[in-house]
Amino acid sequence: RFLGRKAELTTILRGIGDDLTSRQDWIDDRAEGIKLLGLKIEIPGVSNSDSAPVDGMSKVRHPLLLESVLRFQANARSEMLPTDGPVKIRDDDEAGVTTQSNEDAEALEKDFNHYLTAVDKKYYPDFDRMLLKLGFGGTAFRKVYFCPLRKRPVSETVDADDLIVSNDAIDLASATRYTHRTYMRPSLVKRMQILKIYRDIDLGTPKQPTLDSAKQAEADQQGIQRDTLKAEDRDREIYECYCELDIPGFEHRYKGKETGLEIPYRVTIDVSSREVLSVVRNYAPPTGEEGDELPEARCDFVKYTFVPGLGFYDIGLLHILGNTTNAVTAAWREALDA
């Protein structure tokens, strides 16, 4: 019923566009901060760069911001990613007192650490990369869910740039909607369609995704070109929007009557074709117990904060040291050119 109502889809996409607009200044600051890291080799008079206004001027950048980010990452890695595994389980009795030994707790801790270090081999490098972005930008996310392709639970880093939330929100629970933006290979989308996770429809040729300034700055610093000449090799831009809807035929009922209450759903959209790939209930089914009549949204995302900020996105070393790095960089260049 929802798939036939294009007005609902247009409303969701317009809301996502409003969320993107509300955080545009944050995106621009992030893009400038990525340049301040100085990860790209720039030779005066040779490199095509906008970091020096006059040809031949020194393009050196002071490593203050980069050193601070790497120092935080190193310290956090030693605490969060020990060699024997990150999980520590403590068993408390009813009075809150820690018991000396518990075989079940020790077995769970051992098995959990084995899973994160030996089975899920991407966990450690992925978490390490998240720590770098957390110290830099101040906000990072991890998505914990059951992957239908890998047939096991996973915990993956989601870049703050790819979790689209209005900066007016306080947290994910109070946000009107939030959207996870992903880029999937066409073959992965087809696998999801075969498994009936997504609708089995023709999506056409994917369009070239429009990168925001932060994504473009990341690509420039790495020296990679995101444009793909062969259209079939382009990644598909997917929006996974967590929102509330009142879908005809699936209305919320209380004591046998329709209430008109919008309830949580997860709507997956292919941006290129503007086709809805799936609409999934995002709340636990009612159990019949008292207080279970109003659906509560489930959240698959865990937010990590460096320093709490004024809005939804928090404060990182970029915001703390960005202006200082600019000033010291300018002084270095003046001294070198003199």
Side-chain angles (χ1 to χ4, degrees), residues 69-70 72-91 102-165 172 178-198 215 218 222 224 235-242 266 268 277-278 280-282 284 297-306 314 316:
V69 171
L70 294 179
F72 165 77
Q73 181 192 21
N75 293 334
R77 180 198 297 131
S78 62
E79 294 290 337
M80 304 291 289
L81 299 174
T83 55
D84 56 347
V87 179
K88 298 293 183 291
I89 296 179
R90 188 183 71 185
D91 184 30
N102 186 295
E103 294 182 359
D104 291 339
E106 292 176 357
L108 176 58
E109 179 179 318
K110 180 179 179 181
D111 291 344
F112 207 162
N113 283 322
H114 173 75
Y115 179 82
L116 294 178
T117 56
V119 179
D120 190 359
K121 297 182 179 180
K122 292 176 58 178
Y123 180 83
Y124 263 50
D126 184 61
F127 199 99
D128 196 10
R129 183 171 61 91
M130 185 206 73
L131 293 175
L132 177 71
K133 294 189 175 183
L134 173 61
F136 166 71
T139 305
F141 298 91
R142 292 193 69 81
K143 184 179 182 181
V144 184
Y145 68 106
F146 185 86
C147 179
L149 295 177
R150 284 170 279 187
K151 305 294 184 183
R152 58 179 174 84
V154 296
S155 174
E156 296 178 335
T157 296
V158 175
D159 189 7
D161 185 16
D162 288 327
L163 195 65
I164 305 170
V165 187
L172 291 178
Y178 55 92
T179 306
H180 179 204
R181 176 177 59 192
T182 58
Y183 299 93
M184 300 178 62
R185 299 196 314 270
S187 61
L188 288 181
V189 176
K190 190 61 180 179
R191 289 171 185 264
M192 297 288 279
Q193 291 177 325
I194 292 174
L195 292 176
K196 301 186 183 302
I197 306 298
Y198 291 165
K215 291 289 186 186
E218 288 183 7
Q222 297 177 74
I224 61 176
D235 291 341
R236 303 204 75 95
E237 187 176 5
I238 304 294
Y239 281 167
E240 195 174 75
C241 183
Y242 296 77
R266 185 181 75 237
T268 306
L277 298 176
S278 70
V280 181
R281 180 181 61 196
N282 190 38
R298 293 180 293 196
C299 185
D300 297 335
F301 298 90
V302 180
K303 183 182 181 183
Y304 290 78
T305 297
F306 188 79
D314 299 307

Side-chain touch [X]/[Y], heavy atoms, less than 4.5 angstrom:
X      : Y      : result
Leu149 : Leu195 : yes
Pro86  : Phe112 : no
Gln73  : Arg77  : yes

Next on the checklist: Between Phe301 and His180, does the ring-ring contact (aromatic ring centres under 6.0 Å, His included) criterion hold? Intermediate values first, please.
Outcome noted: CA-CA 10 Å; Phe301 298 90; His180 179 204; 5.6 Å; yes

Checklist entry - Is a side-chain donor or acceptor of Asp314 paired with a backbone partner of Thr139 at a separation under 3.5 angstrom? => result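 Flag not set: sc Asp314 to bb Thr139 has no pair under 3.5 Å.
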
Checklist entry - Judged by atom type as modelled, is there a donor-acceptor pair below 3.5 Å linking the side chain of Glu109 to the main-chain atoms of Ala105? => result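 Not at all, since once roles are kept as given, no pair shorter than 3.5 Å links the two residues.
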
Checklist entry - Hey, are Glu237 and Lys215 close enough for a salt bridge, meaning a charged N less than 4.0 Å from a carboxylate O? => result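 Answer for the salt bridge query: no.
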
To the closest 0.5 Å, what do you measure between [atom1] ([X]) and [atom2] ([Y])?
X      : Y      : atom1 : atom2 : answer
Leu70  : Leu131 : CG    : CG    : 12.0 Å
Phe127 : Leu134 : CZ    : CG    : 8.5 Å
Ile164 : Cys241 : CD1   : SG    : 9.0 Å
Thr83  : Asn113 : OG1   : CG    : 10.0 Å
Leu163 : Thr182 : CG    : OG1   : 11.5 Å
Ser278 : Lys196 : OG    : NZ    : 14.0 Å

Checklist entry - Which of parallel (below 30°), tilted (30 to 60°) and perpendicular (above 60°) describes Tyr178 and Tyr242? => result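 Parallel.
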
Locate the shortest heavy-atom distance separating [X] from [Y]; write the atom from each residue and the value.
X      : Y      : answer
Thr117 : Gly85  : CG2-CA, 4.0 Å
Val189 : Arg236 : CG2-CD, 4.0 Å
Met130 : Arg142 : SD-CG, 3.4 Å
Val154 : Cys147 : CG2-CB, 4.1 Å
Arg181 : Asp161 : NH2-O, 2.9 Å
Leu81  : Tyr123 : CD2-CE2, 4.2 Å

Checklist entry - Quick check: are there more than 12 heavy atoms from other residues, nucleotides or ligands sitting under 6.0 Å from NZ of Lys122? => result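 Open: at most 12 neighbouring heavy atoms sit under 6.0 Å from NZ of Lys122.
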
Checklist entry - Under 6.0 Å from the CZ atom of Arg185, do we count more than 12 heavy atoms belonging to anything else shown? => result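 No - once you tally the heavy atoms of other residues, nucleotides and ligands closer than 6.0 Å, there are 12 at most.
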
Next on the checklist: Applying the side chain to side chain contact (heavy atoms under 4.5 Å, CB included) criterion to Val144, which one of Ser155, Cys299, Pro153 satisfies it?
Outcome noted: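 Considering Ser155, Cys299, Pro153, a side chain to side chain contact (heavy atoms under 4.5 Å, CB included) with Val144 is found only for Ser155.
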
